[in-house]
Every structure is written in structure tokens, then in C-alpha cells.
Amino acid sequence: MRPEILFPLFAPVTSLKGVGSRLAPLLERLAGPIVRDVLFLKPHAIVRRTPAVLSAVRDGEVMTFEVTIEEHQRPRAQSQPWRVRVSDPTGFMTLVFFGRFADQLESRHPVGAKRIISGKVGDDKFGRQMVHPDYMVDPAKAGEIPELETIYPATEGLPPRRVRGFVLEALERAPALPEWQDAAWKAREHFPAWREALERLHAPESEADLSPLTPHYRRLAYDELLAHQLAMAQRKAERRREPAAKIAAGAIAEKVRADLPFVFTGAQARSLGEIRADLASGERMSRLIQGDVGSGKTVVAMCAMADVAAGGGQSALMAPTEILARQHFETISGPLNDHGVGVVLLTGRDKGKPRAEKLRALAAGEAKVAVGTHALFQDDVAFHRLQLAVIDEQHRFGVAERQRLQAKGQAVHLIAMSATPIPRTLELTVYGDLDVSRIDEKPPGRTPVATRAVPMGRIAEVEARLRQATAEGAQAFWICPLVSESEVSDLAAAERRAADLTERIGPSVGLIHGKLPPAAKDAVMAEFAEGRLSVLVATTVVEVGVNVPNATIMVIEQAERFGLAQLHQLRGRVGRGRQESACVLLYDPPLSETAQRRLDILRRTDDGFVIAERDLELRGGGDALGLRQSGFPDYVFADPFAHRDLIAAAGDDARLIINRDPDLTSERGKGLRVLQELFDWKAGMALKDAG
Ligand code: ADP
Ligand code: MG
């Protein structure tokens, strides 16, 4: 239940004076549907209305003058504006008015009257002028002009000054709320009270007050982060309270592991250790394994599945695509079968009798591991005793899908896997309700991929090199980006590229894209994997963990359009064996400085975690698009870069709160409930969690 004190903030924007059916949709688009959203708009600039003299006009600036009305110049034609000539002792200026009310100007501002005018001035070949002054008042009413005015985001039909008016009204409606910050922390950080922080935000005293580093701004950011962290900590605690099967580390997994033709890296061993500690704890595990493509996540999960099987339980490994599910099946079924653990593969392609037989084996508990796609959580799939769900590329699944799989057993342990590296500082905001294991070490014997950026103008050279390499037996991926709004034209571009390459290289060029039916996709992929195709032109489907060890060349067209993380993942498709591999980043010049630096980062390192960290620094919190793609929440105040120190603090704070006052019944706890309602981060909500 929402506390009554918040009602005014949760009223629709139409409750603000002057917001009717015409403005409401505009304001909603700009801010959101309720008064709180208007209150949470942030000013991005300040205008000072300190008076100047006309001779000091600076083109393009907002300026203020005290002038005398000299002359009204009526328009000679309908389409022309009304002009008013004004002066001060230093010179003249023309005010320009369009629209049908212009003719009232003469009576309201008669010749000879003194006025204070303020607005954006132009000083160019048309002379000095001001089009539609923001203010034009009698000097006796100069007080109506704020000396310092905040500028808010605006939209067609809703100018910044109207927005400002609505924000200030929302501020008036904002109640003082009970304090939810820890007193000592609040004092240490010099945080003002919540309402005071908003007053400072909306009534800054200088440009410096707009900085995200000011105490009042940091307070608002911290509030937001804390609300979110608290919701995630509650979820995590709830899950932990569910008793789950205790699963011991067993001999079978050790044998499976000993049979592998390699030894675990330190990071793999550590991750398996963390998983085993969770499984043995009697609490339900929710753990994310984060690691680059090819870092060996799947084999770690395989050992956990062997432990579960040894205890008589079942596991399900779910992948987002058929190709991936098949590869996982190939990786794990051999080693597991060798030690008596039955594995079935279940995808959308299974039909009729064979499918019925697989379902029977799962329901009877004969098969201990199911590998598959979305087919795994369909209603007619039942397990005998499902104890562990492993979800690969977890962000490719919706919360509901992940939950449907986990609902096939009781208090099912969860391992989520992700190859999208997130900077450590942001981990809590994306995966705060999970425990995280990082595989930050590559299996030995991989040769780094030589990475070059090449302008599109030199594509012929790239093609010639490719022809030579494929003649010598090499295989290559050629990635065409999805760039336009229309999939159709992107597809056409990929088809054209495939045709071009066929002309230059020969018939061994294949094409794979998202619109192909799964069976056709698999067929092309299989041809490539078996070496019958030497070049695979693809839209980004290969992004998801497909493994073709013989492929050593990766060409990425319009590389500047991809996020760093995505480029890194694409590049991870090659360089998986001992052969030298190459990655060519084709770009359309000229490159912006940032694009240049991003491609440089990629050339210098192949550690996904380092790349994610540098990418964040480069953005400096600016362009949040890539971050959002990697799951960073759409915060109002909190900035991933400027407030990175607050993220960790909010995480600690939330954990402490949940330990001491799990039901939020203390005095501070009551305040925290208001905070959660205020930001809508509630425990029950479907957050970006893994179910
Ligand atoms: P991920 O799931 O992280 O993409 P996989 O577990 O599929 O990675 O491993 C990628 C490839 O590397 C597989 O062929 C696997 O057998 C191999 N591999 C995994 N761990 C090691 C290791 N420690 N040493 C050598 N090869 C390894
Ligand atoms: Mg993988």
C-alpha cells in the first residue's frame, strides 16, 4: 500500500495547473505520467538575466536590457512579423513577433514606454534583434524576471519555460518525507534532507549547483541507488530463506573433470568452488558466472550438474538458440555419459516418438541432464527431480521464461551464465540480487587475435587477402551490422555482400541471418563448421557463443556502429585454437575521436573485463546506450560513472539494513518503505534478475 504522504506525487500530471488534455501527452513524453516524474526532471543549464547594454550584444546569447519603445512597424503582408524598434543610450534593437496577437503589442507597449526585455539575441546581417522575448515587463515589475533561471528539457509545443513552471509547481506539492538515510552517513556526506535536495536541484545558485557531484545531487542519486539495492537485497534474502536440496561435491564430477583433456584454470576452479559451497549450504543458490566467450563457463557448469546427478537430482541447461544448445550438448554429453550420467537434448525440432521418449526419460528420472532451448520449459516437459537450472546467455531470456523453467522443480538452484562483461563497479546495479563468480582468466594456449582498423575505402585489399587465406584453407566470418530501422534493407545489404564475396572468392560463401528458419540456420552453420563453406556472411547471430575452432578471420563491417562489448564478443569467435587469428574492423571514415579511442582499446587488449572498464571511463557516464544494452538500469539521478562510489556504498547499506531489519519495521525502516514506493523499486517487482 502506498503511504498517504506520497499521494500528491503520484497524482497524474493533469493535476498540475495548466496541464490539460493538450499538454498532458507532451509532458508525459518528456517526464512521465505522474507529478513525481515532473519533479524528477533535471535542469541542464542556467540562464542569468543580469541587465546589459545594447552595445554589448553577443550573438546567440540570452541577454537582458532596459529599453525604450521607439516605434511599432506593422507588417505589410500577413506572412510578415510585427516589429518593434527599441533603444537604450548605447544603441538600437528590433523585437520580432509572429502570430495573430501581435497587434495587441501596440496598446500594451506604447511608444515611449520603458521596458525590461530578456531573451535570445541575434546580431547578424539582419541587424540586432530578439525574436519573441522571454520577458517584456514594466521596470516597476522587474521582480517578475528571475535573475537566475533553470532550463529544462523541452519538446515541440512545450517550451522550457512552461516546463519550468510545472516543475516548480510539482516542487510546491512535494511533501517533506521522513528521513531514510542513516544519520552518520548523511552527516558524513553532507546530504541535505530529501526535499531540500530537490529545492537545491530546481533553484540552483550557480552552474556549479548543477553538477552531479554536489551533495544535494549525490543525495538524490544515493536515494535512487539505495531503493534499488534494497529491493534486490530483499529478493536475494527471500530466495535464501527457501530451503533447497543440499548437494555434496562428489566423486563423479571429479572423474568427469579428470577425464577432460585439459586442467581447469584457477578462475574455473575458484568458480566451481563457489558453486559447490552454495550447493552444499542448504540455501537456494542464485549465482551468475560471468566470463568471456570461451573462458570455460560451460565445463564448470557441467561439473556442478555431475554433482547434482550424483545426488540423484536432475539439471537443465537452457540456451537461447538451437545451434548453441546443440554445441552444449556435444560438449557435455560425452564426458557425462562416460560416467553414467544420461543427457538428453530437447529443442523445438524434436517431434513425435523420439520426443516422447526423451520426455519419458526426464519424467522418470533416467536422464539426469536436459540440454535444450525454449523447448525445455514447455508445459508437457516434466522432471523427476529438477534441482539445478543453468541458463546460458541469461539476458536473452525474459524473467518469466527463466521462472517457468525453475518452476519445474522445488527451490531449484540457479546458475546464470553471461558473456557480457560488466565493469566491477556496476555489477551490483545489474546483478545485485545474484552472487557473482568471475572467470577472468583464459584457458592457456590461445593466441591473441591481431586486430586492425581499416577504412572502408580499402575493402578491396581486405577481400584480396581473404581470397588468399581461404585458398590456403582458412575460414572467415564476415559480419554485416544491423544499422537501419528496417530489417529488410539490412538483410539486402548482407545479401549484396555475400554476392560480392561469392564473385571474388567463389561459391564457398554462405549467408546466415535472423530471418532464416532455425533448420536452415543450422544447416548453414553446420556447413561452415564442417569446413564446406570458407566464408560465412552473417548479421549478428554468431554473436551468441557459436564455436568453430577452424575459423581464424573475423571481418566486421561498420565496426564503429557496434558497442565495444559487442565487438569484443564477435572477435571472441576466432582465436580459439593455436593458429594465428585476425580481426579486421572496417569503418566508414572519418572516425570520431571517441570511436577512434574505442577501437584502440579493442586493439590493445582482449580481456573483456578490462574492455568494459575502459569503455565506462571513455563514456564518462555520457552515452548510456551501451550500458543499458548490458542491463544497466534506466536511473533518473544515478550516473554510472559520476556516482560509482555510491553504488558500492548503497549495496553495503542495503545488505546491512536487510540483516538488521528484514521487514523494515524500525523507524528508519518505515522511511525506507516510503523511499521504495517513491522510486517504485519494490521487492516483488520483476527486476532484471534471474527469477
Ligand atoms: P564458454 O561457455 O565460457 O564460452 P566453454 O566452456 O564452452 O566456454 O569452453 C570453450 C572451449 O574451451 C571448449 O572447447 C572447452 O572444452 C575449452 N576449455 C574450457 N576450459 C578449458 C581449459 N581450462 N583449458 C583448455 N581448454 C578449455
Ligand atoms: Mg558459452
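Note that ligands are numbered from 1 as they come in the structure, with each ligand's atoms numbered from 1 the same way. Since this is a predicted model, take the numbers as computed values, not measurements.
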Enquirer: Within ligand 1, which atoms have a heavy atom of Thr265 less than 4.0 Å away?
Expert: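 Those qualifying, in numeric order: 23 (N).
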
Enquirer: Only heavy atoms of Val293, strictly under 4.0 Å: list the atoms of ligand 1 that pass.
Expert: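 Counting from 1, the qualifying ligand atoms are 4 (O).
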
Enquirer: For atom CZ of Arg604, is the number of surrounding heavy atoms from other residues, nucleotides or ligands below 6.0 Å larger than 12?
Expert: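 Count not over threshold, so no.
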
Enquirer: Find the distance between OG (Ser295) and CD1 (Ile289) and round it off to the nearest 0.5 Å.
Expert: 9.0 Å

Enquirer: For the residue pair Phe262 and Phe264, does the interplanar ring angle fall in the parallel (under 30°), tilted (30 to 60°) or perpendicular (over 60°) class?
Expert: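 Judged by the thresholds at 30° and 60°, the geometry between Phe262 and Phe264 is parallel.
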
Enquirer: Applying the side chain to side chain contact (heavy atoms under 4.5 Å, CB included) test to His413, which of Leu386, Ile275, Val308, Leu279 qualifies?
Expert: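 It is Leu279, the one option of Leu386, Ile275, Val308, Leu279 that forms the side chain to side chain contact (heavy atoms under 4.5 Å, CB included) with His413.
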
Enquirer: Does Thr331 come within less than 4.0 Å of ligand 1, judged by its heavy atoms?
Expert: no

Enquirer: Short question: side chain of Gln394, backbone of Ile391 - any donor-acceptor pair under 3.5 Å?
Expert: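 No.
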
Enquirer: Check the orientation of His228 and Tyr635. Use parallel for under 30°, tilted for 30 to 60°, and perpendicular for over 60°.
Expert: perpendicular

Enquirer: Atom 1 (P) of ligand 1: which of Gly294, Pro444, Pro443, Ala319 has the nearest heavy atom?
Expert: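 Minimum heavy-atom distance to atom 1 (P) of ligand 1 goes to Gly294.
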
Enquirer: Asp292 heavy atoms, cut-off 4.0 Å: which ligand 1 atoms fall inside?
Expert: 3 (O)

Enquirer: Does Gly296 reach ligand 1 with a nitrogen or oxygen that is under 3.5 Å from one of the ligand's nitrogen or oxygen atoms?
Expert: yes

Enquirer: Hey, is Gln268 touching ligand 1 through its side chain, its backbone, both or neither, going by heavy atoms under 4.0 Å?
Expert: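 Looking at Gln268 and ligand 1, just side chain atoms fall under 4.0 Å.
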
Enquirer: Any N/O of Thr298 closer than 3.5 Å to an N/O of ligand 1?
Expert: yes

Enquirer: Measuring from atom CZ of Arg424 to atom CD1 of Ile647, what distance do you get when rounded to the nearest 0.5 angstrom?
Expert: 14.0 Å

Enquirer: So is there a nitrogen or oxygen of His328 less than 3.5 Å from a nitrogen or oxygen in ligand 1?
Expert: no

Enquirer: Is it the case that ligand 1 has an N or O less than 3.5 angstrom from some N or O of Val263?
Expert: yes

